[in-house]
Engineer: 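Please find one structure pasted underneath; my questions will follow.
Letters A, B, ... are given to chains in the order of the sequence lines, protein chains preceding strands, and every chain is numbered from 1. All heavy atoms count here, side chains included; hydrogens, waters and symmetry mates do not.
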Number of protein chains: 2
Amino acid sequence: MARRPANPISESMDDYLKAILVLGGSEGKKVTSTALARRLNVTPASITNMLQKLAASTPAMVQYERHHGVQLSSAGKKRALEVLRHHRLIETFLYEVLNYPIEEVHDEAERLEHFISERFEERIAAKLGHPKFDPHGHCIPALDGRMPKDSSMRLTDVRDEGTFIIDSISDIDARILKVLKVRGISPGVQLRVRDIYEDHGYAVSIGSSKKILQLSQADSAAIKIQPM
Amino acid sequence: MARRPANPISESMDDYLKAILVLGGSEGKKVTSTALARRLNVTPASITNMLQKLAASTPAMVQYERHHGVQLSSAGKKRALEVLRHHRLIETFLYEVLNYPIEEVHDEAERLEHFISERFEERIAAKLGHPKFDPHGHCIPALDGRMPKDSSMRLTDVRDEGTFIIDSISDIDARILKVLKVRGISPGVQLRVRDIYEDHGYAVSIGSSKKILQLSQADSAAIKIQPM
DNA sequence: TACTCGATTTAGGTATGCCTAAATATTAGG
DNA sequence: CCTAATATTTAGGCATACCTAAATCGAGTA
Ligand SMILES: [Mn+2]
Ligand SMILES: [Mn+2]
Ligand SMILES: [Mn+2]
Ligand SMILES: [Mn+2]
């Protein structure tokens, strides 16, 4: 499709950059081809191909040394944050303005993030009052690309009983998102860890409720928390 | 890009179908390759190529006989109306909800129409109260594809002085759209033809104003009217 | 009924982005 | 330090959608 060449950065390139940003964390750790391949659902060969292109573009979008992983360059990071901002603003918009069920916002945002204009971005941000967080609890990069550092931890790293605040829920798996929603597990809610089944999930309770909920390992892996 | 193959109808195919619908009018007249090439800004060779594909697909999207133009099949018409509905709903949404200036809605809609889900379509339609017309005065196809027959005429077909109601303004040229907006020319407004300069435009007045406005031929060609 | 010229199609090529299978490089275990 | 298993890259292909240049078609005129 040679017909939308205005911007030299393609939809695919954006998805790769975003994946590198998320997998590399805010510290910008090196990301392996295999990790990218798994996340983007393409073969490792395709990853190599795209990484070569991203490294060769002007300006370079990544630093890439074969067999040793990739990192975003500053141009790549800027672009990735821009797309991430689109994604999270759109999710917030779908949820707040169009009343989407929480588990449906991600897939729609994943597509639209590549096609909205700067004007669209600006207008929905204004309509939403320039929100800082999306409905999953993830923070939305500012226009200048700045983003407060994330101090949350994974529920699956918890080894002792205790009380926490739910920071965010992973938006990737709609099924899990819906299961957790039904059980009242969402960002900002208080979560008490009652029992730990090594690598097989947790028993928790929500808010001041005494009711014990069993979370599978997969469910638990989707949850990030803050100590109270 | 082999990665969004879920729907066998590509973005490009949609644009071709929509163009055939609009150029062929509601009567479904045959459309020439050249007309399509001009409208879609591609070479005639590319048109031939795509028409062959559209005719060969199952179900066939067009009836096409080489050297003799194309028409939409019923499947093609259904699809074209679906995309046109997306387009016009999005334009209305941008205008009404996101307060876009009228001359900016078209380009954004032209892109987004291909990427919104049925849920998005349904939600914005509901939010807008299931509108029948877009902000340019064009009617929005219903969910089932039905659309009232258009009884408007072109301003440029007017040969005698007289009074009309502005039916719609072409959304294709943002510059003209803005010029006309500034002069108060928009759908629903009363327009009086004061003078006719054969193929070089019109002198008109708006509403009950006495002020004479000079419209170039290009400006006039963008306006459709109804007799009062 | 031919001719001619504009319209249309065919042929051959480019760029993306993806895939599979066959190398090859890295790294961890012995 | 060597080797085997694993990770990664290279090579060769496919599909989409576009383009230019070279045929070819067909409608209107002589
Ligand atoms: Mn998301
Ligand atoms: Mn995406
Ligand atoms: Mn439009
Ligand atoms: Mn379009």
Engineer: If I take atom CD in residue B:Glu65 and atom C1' in nucleotide D:dC25, what distance separates them, rounded to the nearest angstrom?
Structural biologist: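 The distance from CD of B:Glu65 to C1' of D:dC25 comes to 13 Å, rounded to the nearest Å.
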Engineer: Let me know, please, whether B:Gln52 or A:Thr43 comes out on the 5' side of the other along DNA chain C by nearest nucleotide.
Structural biologist: B:Gln52
Engineer: Nearest to the side chain of B:His67, which nucleotide is it out of C:dT9, C:dG17, D:dT10?
Structural biologist: C:dT9
Engineer: Going by side chain to side chain donor-acceptor pair (under 3.5 Å), A:Glu82 matches just one of A:His86, A:Arg85, A:Arg79, A:Lys78. Which one?
Structural biologist: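 Single pass found, and it is A:His86.
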Engineer: With a 4.0 Å cut-off on heavy atoms, is B:Thr48 in touch with a base, just the backbone sugar-phosphate, or nothing at all?
Structural biologist: base
Engineer: If I take atom CG in residue B:Leu51 and atom C1' in nucleotide D:dT16, what distance separates them, rounded to the nearest angstrom?
Structural biologist: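 Taking atom C1' of D:dT16 as the reference, CG of B:Leu51 is at 16 Å.
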Engineer: If I take atom CD1 in residue A:Ile9 and atom C1' in nucleotide C:dG17, what distance separates them, rounded to the nearest angstrom?
Structural biologist: 16 Å
Engineer: In this structure, how many angstroms lie between the C1' atom of D:dA15 and the CE atom of B:Met50, rounded?
Structural biologist: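 Result: 12 Å.
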Engineer: How close or far is atom C1' of C:dC18 from atom CG of A:Asn41, stated in whole angstroms?
Structural biologist: 13 Å
Engineer: Rounded to whole Å, please give me the gap between CG in A:Asp14 and C1' in C:dG17.
Structural biologist: 14 Å
Engineer: Rounded to whole Å, please give me the gap between CZ in A:Arg38 and P in D:dT6.
Structural biologist: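 Computing the A:Arg38:CZ to D:dT6:P distance gives 15 Å.
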Engineer: Can you label the angle between the B:Phe115 ring and the A:Phe115 ring as parallel, tilted or perpendicular, going by 30° and 60°?
Structural biologist: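 Ring orientation of B:Phe115 relative to A:Phe115: parallel.
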Engineer: Given C:dT26, C:dG17, D:dT9, identify the nucleotide with an atom nearest to the side chain of A:His68.
Structural biologist: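 Looking only at side-chain atoms, A:His68 lies closest to C:dT26.
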Engineer: Measure CZ/A:Arg66 against C1'/C:dT24 and give the value in whole Å, please.
Structural biologist: 9 Å
Engineer: For A:Asp160 versus A:Val193, what's the shortest heavy-atom pair and its separation?
Structural biologist: O-CG1, 4.2 Å
Engineer: Please check if any side-chain donor atom of A:Glu108 sits under 3.5 Å from a side-chain acceptor atom of A:Tyr100, or the reverse.
Structural biologist: yes
Engineer: If you check the A:Lys53 side chain, which of D:dA17, C:dG17, C:dT9 turns out closest?
Structural biologist: C:dG17
